[in-house]
There are 2 protein chains.
Amino acid sequence: MPMDARKFRILQAIIDDYILTAIPVGSRTISKKYEMGLSSATIRNEMSDLEELGYLDQPHVSAGRIPSAKAYRLYVDQLLQNGILQSGDASSVRDHFGSRARQMEDVISRAAQVLSGLTHYTSLVMSPKGKELHIRTIQLVPVSSQSALLVIVTDGGIMRDTVIRVGSDLDSDALYAISRMLTEKLSGHTVTEALSMLNVASAAHPHHPVLEGVTEFLDTVEGDATKTKLALGGTSNILNFPEYSDVEKAKGFLSVLETKDKLIHLLENHGEMAFTVRIGPETGIPELKDCSLVTATYRLSDNTHGTIGVIGPTRMQYGRVLSILNAMGQQLSEVLGQDKE
Amino acid sequence: MPMDARKFRILQAIIDDYILTAIPVGSRTISKKYEMGLSSATIRNEMSDLEELGYLDQPHVSAGRIPSAKAYRLYVDQLLQNGILQSGDASSVRDHFGSRARQMEDVISRAAQVLSGLTHYTSLVMSPKGKELHIRTIQLVPVSSQSALLVIVTDGGIMRDTVIRVGSDLDSDALYAISRMLTEKLSGHTVTEALSMLNVASAAHPHHPVLEGVTEFLDTVEGDATKTKLALGGTSNILNFPEYSDVEKAKGFLSVLETKDKLIHLLENHGEMAFTVRIGPETGIPELKDCSLVTATYRLSDNTHGTIGVIGPTRMQYGRVLSILNAMGQQLSEVLGQDKE
DNA sequence: TGTTAGCACTCATTCGACTCGAGTGCTAAC
DNA sequence: GTTAGCACTCGAGTCGAATGAGTGCTAACA
């Protein structure tokens with residue numbers, strides 16, 4: 001039994017209706033609300049076929065059908081292929097975002113707020129991965145006689161800082177000299193590259209406290225995924241959807257959001273696509289089996305990119321979400337890239 | 001009708017039982033489970049009196065009684081007066097916290113996690129208010145030809161940074177010189193004091209871009225409460241309690257947590273007490289009318305303090321929470337104060 | 001005078017029987 | 001291939017009786 005055009009049109013109508021109403025949709029609804037020119041009986045036969053093909057599920061025999069994950073997959077693939085992106089969202093993203101470019105962190109969390117506000121889903125905004133960032137300046141700022149603040153400015157305006165121990169024989173001017181030297185050597189390189197260069201240098205000057213401190217810090221930046229900044233928005237939005245009116249399910253969902261490591265891992269597996277859509281079980285997280293995750297990337301430069309995403313019920317308004325993510329991605333690239341020149 | 005010792009003992013038993021079980025407690029329960037040496041009928045008479053005094057409510061006539069906000073208030077005041085603080089919690093806080101003192105931000109969020117993990121409630125950890133912090137070092141780090149990163153190191157190891165525009169005629173060395181000068185002048189003063197000093201300086205050198213940038217930034221640090229860092233932990237813990245099995249109520253609660261401004265405002269009204277306990281309506285936030293907020297402070301120095309707190313249902317294990325907050329406050333003072341010398 | 005046993009009364013909760021209706025699957029006719 | 005008709009299914013909602021926890025009151029008791 002093949003999947004012809006009519007079946008597809010009916011499936012699409014079912015999905016559209018279910019996304020809107022969240023109640024299982026019956027054959028009569030389709031034949032009345034959507035101008036098919038077919039009677040409910042015919043729709044019924046087609047729906048039976050679609051169920052056999054695995055595109056529809058039936059909660060119980062006397063209810064309508066609901067789309068399966070496979071159906072959403074088909075639906076989304078179709079959407080992605082046609083590239084239907086409303087342009088109206090770009091301007092509304094712009095409006096809500098405001099133009100003030102502040103610190104990376106502020107931008108990230110603001111973006112998460114806007115994203116969840118516009119979509120009514122839960123949003124995720126992740127800064128670029130640490131190890132891909134290019135170093136621009138390294139500066140040691142004296143904090144006390146024994147320690148200094150290590151500030152690393154990277155492209156995108158992100159800065160990472162930590163306090164390291166230095167030898168007590170270094171005063172402000174000495175630190176400044178070291179800073180200049182380090183900046184000269186490492187500027188323009190990625191964190192990963194800088195790390196290998198430092199390892200060479202450490203071999204020449206063993207037990208140099210400053211070098212050790214810097215190396216150690218870069219090491220954690222590279223290795224530790226949790227160093228990536230992740231902002232969430234609209235975490236309680238999920239409760240607006242009837243599929244999460246069960247408190248137990250809601251708890252599971254919210255618990256996942258609390259352990260950011262899982263989320264970061266999820267967002268990192270992005271591949272080279274402009275968009276990634278993971279539907280239900282495709283997320284790989286049991287608690288999210290009734291959720292979909294849509295992600296997109298934004299670029300700061302050729303090699304550094306961050307990820308933004310939206311989590312909602314599988315019956316998500318994929319078209320709208322994709323369009324908004326697209327607009328937000330562009331906006332972020334613009335805002336974060338602008339103070340780069 | 002006075003409130004005698006026996007009434008108080010009975011009230012205490014009722015509160016203890018209700019905190020544990022969350023079900024209205026009847027006269028028979030009290031006379032059996034708690035060794036009162038009184039029959040249920042006597043208890044019943046006393047409970048009737050307690051209700052008349054406003055300490056007990058009755059959901060409906062054939063159910064037991066539940067403590068009113070007034071009852072919890074009495075209970076807590078008694079608790080605070082007796083200063084019952086189990087010492088066991090101090091060590092468990094220490095165990096969970098770990099000794100690694102990292103950046104302020106990490107410590108804050110770690111503390112929130114530990115706090116919610118130990119109490120099973122939602123925790124709040126707020127860094128000290130910006131304007132109370134003492135400046136230790138000011139450093140300008142070149143970022144591009146037009147802009148510089150302004151790093152301000154304060155006591156407690158907190159650092160605030162932002163990118164400011166500078167005149168294009170300033171190279172790295174010039175910025176360094178300015179940094180030294182600023183550090184020399186402002187070190188040891190609070191943000192508020194520094195601000196007034198800078199205003200004097202600005203009058204002498206009008207339109208100086210660096211001075212303007214620094215002033216503007218300190219201004220936002222002082223004025224903008226949202227600059228205060230606030231970490232939350234265990235936001236979904238509230239769903240474990242039967243009083244929040246209603247999704248609508250849970251949504252209201254979680255929505256409040258998302259707008260951090262309200263929370264910061266709540267935590268700031270702390271007064272000079274070691275602990276503050278706000279019960280139900282005392283929080284002043286309608287969505288939290290069935291919640292209690294317990295806060296405590298930790299100190300970095302004489303003038304700078306941060307706030308930690310726990311939010312849970314009004315039937316909270318106040319004794320335990322107070323004890324844990326006390327331990328955590330000490331721990332935080334220790335960890336954040338230690339790199340101060 | 002305080003305490004207790006006894007008893008009638010209240011009322012949320014539980015459970016089963018019942019109805020209602022949306023929706024299906026199947027068959028036969030078009 | 002499409003459609004009308006019809007029997008059938010089954011979740012959701014309603015109603016009412018039974019249940020039982022808990023109270024308030026009264027009268028007896030120490």
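Proteins get letters first, then strands, A, B, ... in listed order; numbering begins at 1 in each. As the structure is a computational prediction, the values presented were derived from the model and not from experiment.
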**Student:** Who are the salt bridge (charged side-chain N to carboxylate O under 4.0 Å, His left out) partners of A/D57, not counting sequence neighbours?
**Tutor:** none
**Student:** Applying side chain to side chain contact (heavy atoms under 4.5 Å, CB included), name anything that partners A/D95, two or more places apart in sequence or on another chain.
**Tutor:** none
**Student:** Have a look at A/Y121 and tell me which of A/F253, A/F241, A/Y318, A/Y244 forms a ring-ring contact (aromatic ring centres under 6.0 Å, His included) with it.
**Tutor:** A/F241
**Student:** Which parts of residues 39-51 of chain A get close to DNA chain D, meaning a heavy atom less than 4.0 angstrom away?
**Tutor:** A/S39, A/A41, A/T42, A/R44, A/N45
**Student:** Atom OH in A/Y75, atom CD1 in A/I15: separation rounded to 0.5 Å?
**Tutor:** 6.5 Å
**Student:** From the options A/E46, A/E51, A/E52, select the one residue that forms a salt bridge (charged side-chain N to carboxylate O under 4.0 Å, His left out) with A/R65.
**Tutor:** A/E51
**Student:** For A/E282, is there an ion pair with A/R73 - N to carboxylate O distance below 4.0 angstrom?
**Tutor:** yes
**Student:** With sequence neighbours left out, write down each residue that passes side chain to side chain contact (heavy atoms under 4.5 Å, CB included) with B/N240, or none if nothing qualifies.
**Tutor:** A/K251, B/N237
**Student:** Show your reasoning for whether side chain to side chain contact (heavy atoms under 4.5 Å, CB included) applies to B/T295 and B/F275.
**Tutor:** CA-CA 6 Å; B/T295 59; B/F275 298 103; over 6 Å; no
**Student:** Please identify the 5'-most and 3'-most nucleotides of DNA chain D with any atom under 4.0 angstrom from a heavy atom of chain B.
**Tutor:** D/dA21 to D/dC25
**Student:** The criterion is side chain to side chain contact (heavy atoms under 4.5 Å, CB included); which residues satisfy it with A/T283, sequence neighbours excluded?
**Tutor:** A/R278, A/I285, A/L288, A/L293
**Student:** Mind running a 4.0 Å heavy-atom check of residues 54-68 of chain A against DNA chain D and sending the residues that fall below it, in number order?
**Tutor:** A/H60, A/V61, A/S62
**Student:** Going by the rule salt bridge (charged side-chain N to carboxylate O under 4.0 Å, His left out), which residues pair with A/K70 if we only count those two or more places apart in sequence or in a different chain?
**Tutor:** none
**Student:** Under 3.5 Å for both distances, Watson-Crick or G-U wobble, that's the pair rule; now give the dot-bracket for DNA chain C, with | marking pairs to another strand and [ ] for crossing ones.
**Tutor:** ||||||||||||||||||||||||||||||
**Student:** Using the test side chain to side chain contact (heavy atoms under 4.5 Å, CB included), find all partners of A/A274 that sit at least two apart in sequence or belong to another chain.
**Tutor:** none
**Student:** Report, as yes or no, whether the 6.0 Å neighbourhood of atom CZ on A/R320 holds more than 12 heavy atoms from other residues, nucleotides or ligands.
**Tutor:** yes
**Student:** Enumerate the residue pairs fulfilling ring-ring contact (aromatic ring centres under 6.0 Å, His included) with a member in residues 5-54 of chain A, sequence neighbours excluded, ordered by first and then second residue.
**Tutor:** none
**Student:** Should A/R315 and A/E243 count as an ion pair when the cut-off is N to O under 4.0 Å?
**Tutor:** yes
**Student:** Quick one, which residues of residues 18-36 of chain A touch DNA chain D with a heavy atom under 4.0 Å?
**Tutor:** none
**Student:** Please test A/S236 against B/E258 for side-chain hydrogen bond (donor to acceptor under 3.5 Å, both in side chains), starting from the C-alpha separation and ending with a verdict.
**Tutor:** CA-CA 8 Å; A/S236 67; B/E258 272 179 42; 3.0 Å; yes
